[in-house]
Amino acid sequence: MLTRLRAAALVFALVAPAQAFAWGGMGHRIVGQAAMQALPAEMPGFMRSKQAVEAVGELSREPDRSKASGKTHDTNRDAAHFIDLDDNARVFGGPLVSELPPTRAEYEKLMQAIGQDSWKAGYLPYAIVDQAQQLAKDFAHWRAETYAIAHEKDRKRVAWMKADRARREAQILSTIGYMSHYVGDGAQPLHTTLHYNGWGPFPNPNGYTQAKVHADFEGALVVTTTTTDLIRPKMAEPSVCEGDLMVCVGTWLAASTAQTIPFYEMEKAGGLKPADPRGVAFAQARLAVGASELRDLILWSWKASDTLAVGWTPVPLTDILSGKTPAYPYLYGID
């Protein structure tokens with residue numbers, strides 16, 4: 001069976017266009033807004049403001065809005081939106097998504113070993129982890145400047161750091177917006193499977209649809225039935241990754257692709273027909289999963305910022321927060 005799946009996957013990779021789908025704008029907006037609204041009170045106040053929630057919701061759509069910018073741009077970025085897993089949560093029958101290496105260079109070697117590449121297979125886990133690590137660095141700089149502003153006596157230095165912290169806050173919201181998009185994609189099972197728009201040229205003993213069902217599910221269905229307020233109560237309790245983040249994200253994506261067959265069973269039973277509550281419930285459950293994961297990744301990034309260095313040349317954040325090292329020279333830059 002695995003050999004047949006691998007052969008079919010190879011044919012599919014050669015004849016099928018790259019995935020170009022995502023949650024519609026409303027779905028991505030909802031994931032970003034719900035996650036931001038669910039942040040705990042100990043997070044910085046600017047992140048819990050109405051303006052920040054709205055900004056992240058809008059920025060969550062940006063990776064789709066930037067498409068069709070040009071061949072170089074699109075070829076490099078389009079594969080960040082998906083990862084094509086087989087029925088055993090393996091990438092094109094190769095490595096398990098929960099056991100991917102930490103870098104795309106290593107991932108590319110694994111894919112080339114089975115006659116594929118990471119642009120055909122997708123590299124969604126790397127897009128998510130990349131943004132989470134960037135957010136941790138953003139948080140580290142924000143924390144350093146917040147501490148330094150309260151302890152610096154030179155007015156000019158304080159003025160510069162306040163302005164720079166404002167720039168950092170805008171950067172934080174942008175980073176979260178981009179991460180929100182990729183996390184939202186990962187919560188949509190059809191972004192994590194070879195069966196991403198109809199079952200495709202694979203063994204199909206259960207007679208699942210070959211129709212192009214992807215866009216109808218995540219677009220029109222969501223925009224006509226779902227709001228952020230409906231998703232918030234469906235979110236899970238916080239659960240922050242305690243180990244290797246790539247493993248945590250890969251394990252989460254494996255759980256997402258496990259919803260592929262339930263999706264096709266739901267569709268086969270008529271769940272995507274207008275006004276059928278089963279399709280609505282499925283979409284809302286997946287949006288809640290995405291919002292929960294985004295919130296948890298934001299919390300992971302906040303915690304991970306403890307271990308990072310800031311400024312140039314880099315100095316440990318802990319040295320600044322302990323008062324051991326003055327922040328301004330490193331934040332402004334020692335060339």
Problem set entry | Evaluation steps, side-chain contact (heavy atoms from CB on, under 4.5 Å), between Leu85 and Arg90 | CA-CA 5 Å; Leu85 304 177; Arg90 292 181 177 275; over 6 Å; no
Exercise. For the residue pair Phe217 and Trp23, is the inter-centroid distance of their aromatic rings smaller than 6.0 Å?
Worked result: yes
Problem set entry | Distance-minimising heavy-atom pair for Ser60 and Gly32 | OG-CA, 3.7 Å
For this session: For residues Arg48 and Ala41, report the shortest heavy-atom separation together with the two atoms involved.
Result: NH2-O, 3.2 Å
Problem set entry | Ser174 side chain to Gln171 side chain, donor-acceptor N/O pair below 3.5 angstrom | no
Exercise. Does a donor on one side chain sit under 3.5 Å from an acceptor on the other, for His28 and Asp185?
Worked result: yes
Problem set entry | Heavy-atom side-chain contact between Trp300 and Ser305 under 4.5 Å | no
Problem set entry | Side chain to side chain, Ile261 and Trp199, heavy atoms closer than 4.5 Å | yes
Problem set entry | Side-chain heavy atoms of Val315 within contact of Thr325, under 4.5 Å | yes
Problem set entry | Check against salt bridge (Lys or Arg N to Asp or Glu O under 4.0 Å), Glu62 and Arg65 | CA-CA 5 Å; Glu62 198 60 29; Arg65 293 195 292 183; 2.8 Å; yes
Exercise. Quick one: do the Glu108 and Tyr123 side chains pair a donor with an acceptor below 3.5 Å?
Worked result: no
Identify every side-chain donor-acceptor pair in residues 154-162 under 3.5 Å, counting partners at least two apart or on other chains, and give the distances.
unit_1: Asp154; atom_1: OD1; unit_2: Lys156; atom_2: N; d: 3.0
unit_1: Asp154; atom_1: OD1; unit_2: Arg157; atom_2: N; d: 2.9

Exercise. Which pair of heavy atoms, one from Asp84 and one from Lys120, lies closest together, and at what distance?
Worked result: OD2-O, 3.5 Å
Exercise. Do His191 and Tyr196 make the cut of ring centroids closer than 6.0 angstrom?
Worked result: no
Exercise. Could you give all pairs that pass the side-chain hydrogen bond (donor to acceptor under 3.5 Å, both in side chains) test and reach residues 271-284, with sequence neighbours left out?
Worked result: Thr226-Gln284, Asp276-Arg278
Exercise. Just one of Gln259, Gln188, Lys234, Glu218 clears the side chain to side chain contact (heavy atoms under 4.5 Å, CB included) bar with Arg286, so which one?
Worked result: Gln259
For this session: Write down the atom of Tyr182, the atom of Pro63, and the distance for their closest heavy-atom approach.
Result: OH-CB, 3.9 Å
Seminar exercise, completed: On a heavy-atom basis, the closest approach of Gly279 and Leu272 is CA-CD2, 4.3 Å
For this session: With the side chain counted from C-beta on, respond yes when Met36 and Ile298 share a heavy-atom pair under 4.5 Å apart, and no when they do not.
Result: yes
Exercise. So do the side chains of His181 and His81 get within less than 4.5 Å of each other, counting heavy atoms only?
Worked result: yes
Exercise. Asp86 and Phe202: side-chain contact (heavy atoms from CB on, under 4.5 Å), yes or no, with the steps?
Worked result: CA-CA 10 Å; Asp86 66 16; Phe202 305 98; over 6 Å; no
Exercise. Is the NZ atom of Lys268 crowded by more than 12 outside heavy atoms at less than 6.0 Å?
Worked result: yes
Problem set entry | Parallel, tilted or perpendicular: rings of Tyr264 and His195 (30°, 60°) | perpendicular
Problem set entry | Pair Gln134-Asp130, side-chain donor/acceptor within less than 3.5 Å | no
For this session: Would you tell me whether Gln131 and Thr175 have side-chain atoms, one donor and one acceptor, within less than 3.5 Å of each other?
Result: no
Exercise. Same cluster for Leu299 and Leu173 if Ile/Leu/Val/Met/Phe/Trp/Tyr side chains link at under 4.5 Å?
Worked result: yes
Problem set entry | Ring-face cation of Arg77 near Trp119 (centre distance under 6.0 Å, axis angle within 45°) | no
Exercise. Closest heavy-atom contact between Trp142 and Trp302?
Worked result: CZ3-CH2, 4.0 Å
